[in-house]
Amino acid sequence: MNKIHICKSSDIPSNGMKSYDVAGGLKVLIANAGASYYAYQGICPHQEVCLDEGFYDGSVLTCHQHLWQWDITTGAAVGLAEAPLESYEVKVEEGEIFVMRASALKVAELFVGVSDETLERLNKIARREEHKSGSTLYDIGDSTDDLYVLESGRVEFMIGRDNRTSAAGFVLVKGEVFGWAALLDHQPQRIAKAACLEDSAMLRLSGEKTLQILESDPVSGYSVMRKLSGLITRLITVPVGK
Ligand code: FES
């Protein structure tokens, strides 16, 4: 768990809300309801709209754009809303508000099914990195040493050569894994360029060390490899431009 300082409790109006940009491109909405504080994703799960521009009456949060609503105590969808809000555990210590964020590894689809012990070992070898919007993470032809798990922000992929690169047709969001060629044999070079579309944070893991850990826990390793093969199949069947 990462403990992230957000603000003072006195910064949040009684039965009101405010949103904060946290390092790594994460936007967090903090809401007060009586004696309690709640933390949710700051962007509407429907479209890219800031939830602090919506309405909040101390119990229900409403996005002003299409009127999706959520129960502030749980983040559960109410009425028209088709998706809940992602919530974060809140700690208030001496008047300071912190949110606790689970490791991106914990929510990454690739690692669902991995034992807690192996996940902890993977967490230990993961390095957290933050990159500005527009940064290139790797380019075509670079070596495939590491894989990445996106924690926040968005990453786009380009394929092609020199100035003739074009979007590969997909953009990754939180919890998605990329650079997974680091887990494959005979894939020494990147075949796409990865760049941040906005300020982004990610975990970076050595492919070699990840494989060593997975080989020592064959059940978890088998689960990861099955999911990886499904991921590759999905990607190669996505037509370019979609
Ligand atoms: S953008 Fe928020 S409900 Fe549509």
Side-chain angles (χ1 to χ4, degrees), residues 2 4-7 9 11-34 36-90 97-104 106-109 112 130-135 149-157 167-178 194-202 234-235 238-239 241-242:
N2 298 321
I4 306 169
H5 178 255
I6 304 295
C7 60
S9 53
D11 294 335
I12 310 298
S14 176
N15 293 321
M17 63 176 176
K18 267 190 182 177
S19 71
Y20 293 86
D21 290 313
V22 176
L26 178 69
K27 192 180 262 301
V28 176
L29 182 91
I30 305 290
N32 167 264
S36 302
Y37 293 88
Y38 301 92
Y40 294 104
Q41 63 187 82
I43 302 293
C44 182
H46 184 208
Q47 291 175 1
E48 292 275 319
V49 169
C50 295
L51 289 172
D52 62 356
E53 295 171 9
F55 317 107
Y56 173 52
D57 63 4
S59 62
V60 173
L61 169 64
T62 304
C63 176
H64 69 293
Q65 200 70 9
H66 307 102
L67 305 181
W68 282 21
Q69 294 183 305
W70 301 272
D71 179 332
I72 206 65
T73 61
T74 62
V78 177
L80 298 175
E82 294 174 11
L85 291 179
E86 181 183 0
S87 64
Y88 307 108
E89 183 188 343
V90 174
I97 293 181
F98 299 85
V99 296
M100 308 298 291
R101 261 197 113 196
S103 162
K106 191 95 182 161
V107 296
E109 186 188 343
V112 170
E130 292 177 6
H131 296 273
K132 292 281 178 206
S133 175
S135 306
V149 183
L150 193 61
E151 194 174 84
S152 61
R154 289 187 301 156
V155 171
E156 179 185 47
F157 295 85
F170 51 91
V171 172
L172 297 190
V173 295
K174 183 190 167 191
E176 292 190 276
V177 176
F178 62 100
C196 297
L197 276 180
E198 54 191 57
D199 291 357
S200 301
M202 60 207 66
R234 256 192 347 253
L235 290 175
V238 171
K242 287 224 169 155

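Remember, it's 1-based here, ligands and their atoms both numbered in the order they're listed. If you read the sequence from its start, that first residue is 1, and numbering goes on from there.
Listed for the Ser200 side chain is a donor-acceptor partner under 3.5 Å among the backbone atoms of Glu198. Side chain of Asn32 to backbone of Gly34: a donor-acceptor contact under 3.5 angstrom is found.
Donor-acceptor pairing under 3.5 Å is lacking for the side chains of Ser9 and Asp11.
Between Phe178 and Phe157, the distance separating the two ring centers is shorter than 6.0 angstrom.
Near atom 2 (Fe) of ligand 1, less than 2.8 Å away, sit the protein N, O or S atoms Cys44 SG, Cys63 SG.
At a threshold of 4.5 Å between non-hydrogen side-chain atoms, the residues Ile12 and Ile97 count as touching.
Lys106 pairs by the salt bridge (charged side-chain N to carboxylate O under 4.0 Å, His left out) definition with Asp116, not counting sequence neighbours.
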